[in-house]
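Throughout, residue positions are numbered sequentially from 1 according to the sequence presented. Since this is a predicted model, take the numbers as computed values, not measurements.
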Amino acid sequence: MTTEPTSTPTGSPTATPQAPDPAAWARKARGALTRYRVMAWVTGVMLILLSVELVLKYVFAVNGYDAEGRHAPVLGSWIAFAHGWIYVVYLVTVFDLWSTLRWRLGRLVTMAAAGVVPVMSFVLERRVHADADARVAAALAPRA
C-alpha cells in the first residue's frame with residue numbers, strides 16, 4: 001500500500017500561492033486607517049497642549065519658578081509624559097497603516113514627523129485618509 005500526498009506541499013515549485021482576498025485586505029486596511037485617524041487626532045491635541053504649556057512656561061513664565069529655581073508647570077507636568085506615550089502608540093498605528101498599504105518609506109517618515117510638528121498631524125491625516133480610501137476603493141473595484 002502506497003501513500004500518495006493528497007495536496008501539493010507549499011514549498012514545492014508547482015504550488016500556486018493563494019491570491020489575497022481583496023475584501024479581507026480592505027477590512028484590515030480600514031481598521032488600520034481608523035486606528036491611525038484616532039491616534040493622529042489624539043496626538044495632535046496633546047501636541048497642541050504641550051506647545052501651549054511650553055510657551056506659557058518658558059516664554060511668559062506664567063507660574064514663575066519653584067523652590068529650586070526651575071520653571072513651574074502651568075497646565076501640569078503630566079502633559080509631556082502623556083504626549084510621549086501617546087506618540088509611541090501613534091507610531092505603532094502609523095507603522096501598521098504604512099505596512100498594510102505598502103507605501104514608500106518617505107510616507108512613513110512624514111507620518112512619523114507629523115506627531116512632533118504642531119498641527120501637522122491634522123493636515124496629514126486628511127491627506128492620508130483620502131489616499132488610503134482611494135487605495136481601498138481601487139482594490140474593491142471590479143476588475144474588467
Side-chain angles (χ1 to χ4, degrees), residues 5-144:
T6 56
S7 64
T8 308
T10 56
S12 75
T14 59
T16 57
Q18 295 255 340
D21 179 24
W25 178 85
R27 276 192 306 276
K28 181 180 178 184
R30 284 191 177 128
L33 180 59
T34 300
R35 289 186 295 276
Y36 165 76
R37 292 185 77 188
V38 168
M39 288 311 301
W41 277 89
V42 171
T43 302
V45 168
M46 288 304 296
L47 186 56
I48 288 174
L49 282 175
L50 180 62
S51 299
V52 167
E53 164 76 19
L54 293 176
V55 168
L56 291 175
K57 183 176 176 179
Y58 293 112
V59 176
F60 297 112
V62 169
N63 273 358
Y65 300 92
D66 62 9
E68 286 89 30
R70 295 182 305 235
H71 289 279
V74 178
L75 302 175
S77 57
W78 63 271
I79 292 175
F81 296 112
H83 171 69
W85 285 107
I86 288 170
Y87 181 68
V88 170
V89 175
Y90 170 75
L91 287 178
V92 170
T93 62
V94 162
F95 183 79
D96 181 34
L97 181 63
W98 173 79
S99 62
T100 300
L101 295 177
R102 298 179 184 236
W103 280 326
R104 293 187 173 160
L105 184 61
R107 174 68 63 100
L108 174 67
V109 171
T110 306
M111 290 168 67
V116 294
V117 178
V119 185
M120 187 175 165
S121 68
F122 304 120
V123 174
L124 192 62
E125 183 273 327
R126 300 269 301 173
R127 183 170 182 183
V128 166
H129 180 253
D131 291 351
D133 264 352
R135 185 108 181 245
V136 169
L140 292 176
R143 308 244 192 257

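Looking at every heavy atom in both residues, Pro22 comes nearest to Leu140 through O-CD2, 3.7 Å. Heavy atoms only, all atoms of each residue included: Thr110 and Leu124 are closest at O-CD2, 3.6 Å. Of all heavy-atom pairs spanning Thr100 and Ala32, the tightest one is OG1-CB, 4.3 Å.
Within the structure, salt bridge (Lys or Arg N to Asp or Glu O under 4.0 Å) contacts touching residues 99-111 (residues at least two apart or in different chains) are Arg107-Asp131. The salt bridge (Lys or Arg N to Asp or Glu O under 4.0 Å) analysis of residues 71-88, with sequence neighbours excluded, yields no pairs.
Distance check: Thr43 OG1 to Phe122 CZ gives 9.0 Å after rounding to the nearest 0.5 Å. Within the model, atoms CZ of Arg30 and CH2 of Trp25 stand 9.0 Å from one another, a figure rounded to the nearest 0.5 Å. Taken to the nearest 0.5 Å, the NZ atom of Lys28 stands 11.0 Å off from the CG atom of Leu97.
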Atom pairs and distances, side-chain donor-acceptor, residues 86-94, under 3.5 Å, sequence neighbours left out:
unit_1	atom_1	unit_2	atom_2	d
Tyr87	OH	Ala112	O	2.8
Tyr90	OH	Met111	O	2.6
Thr93	OG1	Tyr90	O	2.7

Using a 3.5 Å cut-off and no angle test, enumerate the donor-acceptor pairs between side-chain atoms of residues 44-53 and protein atoms at least two apart in sequence or in another chain.
unit_1	atom_1	unit_2	atom_2	d
Ser51	OG	Leu47	O	2.9
Glu53	OE1	Val74	N	3.4
Glu53	OE1	Leu75	N	2.5
Glu53	OE2	Val74	N	3.1

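Asp133 meets the salt bridge (charged side-chain N to carboxylate O under 4.0 Å, His left out) test with no other residue; sequence neighbours excluded. Listed by chain and residue number, Asp96 satisfy the salt bridge (charged side-chain N to carboxylate O under 4.0 Å, His left out) test with Arg35 (two or more places apart in sequence, or in another chain).
His129 places none of its side-chain heavy atoms less than 4.5 Å from the side chain of Tyr36.
Although no hydrogens or angles enter the test, the distance criterion places no donor-acceptor pair under 3.5 Å between the side chain of Trp103 and the main chain of Trp98.
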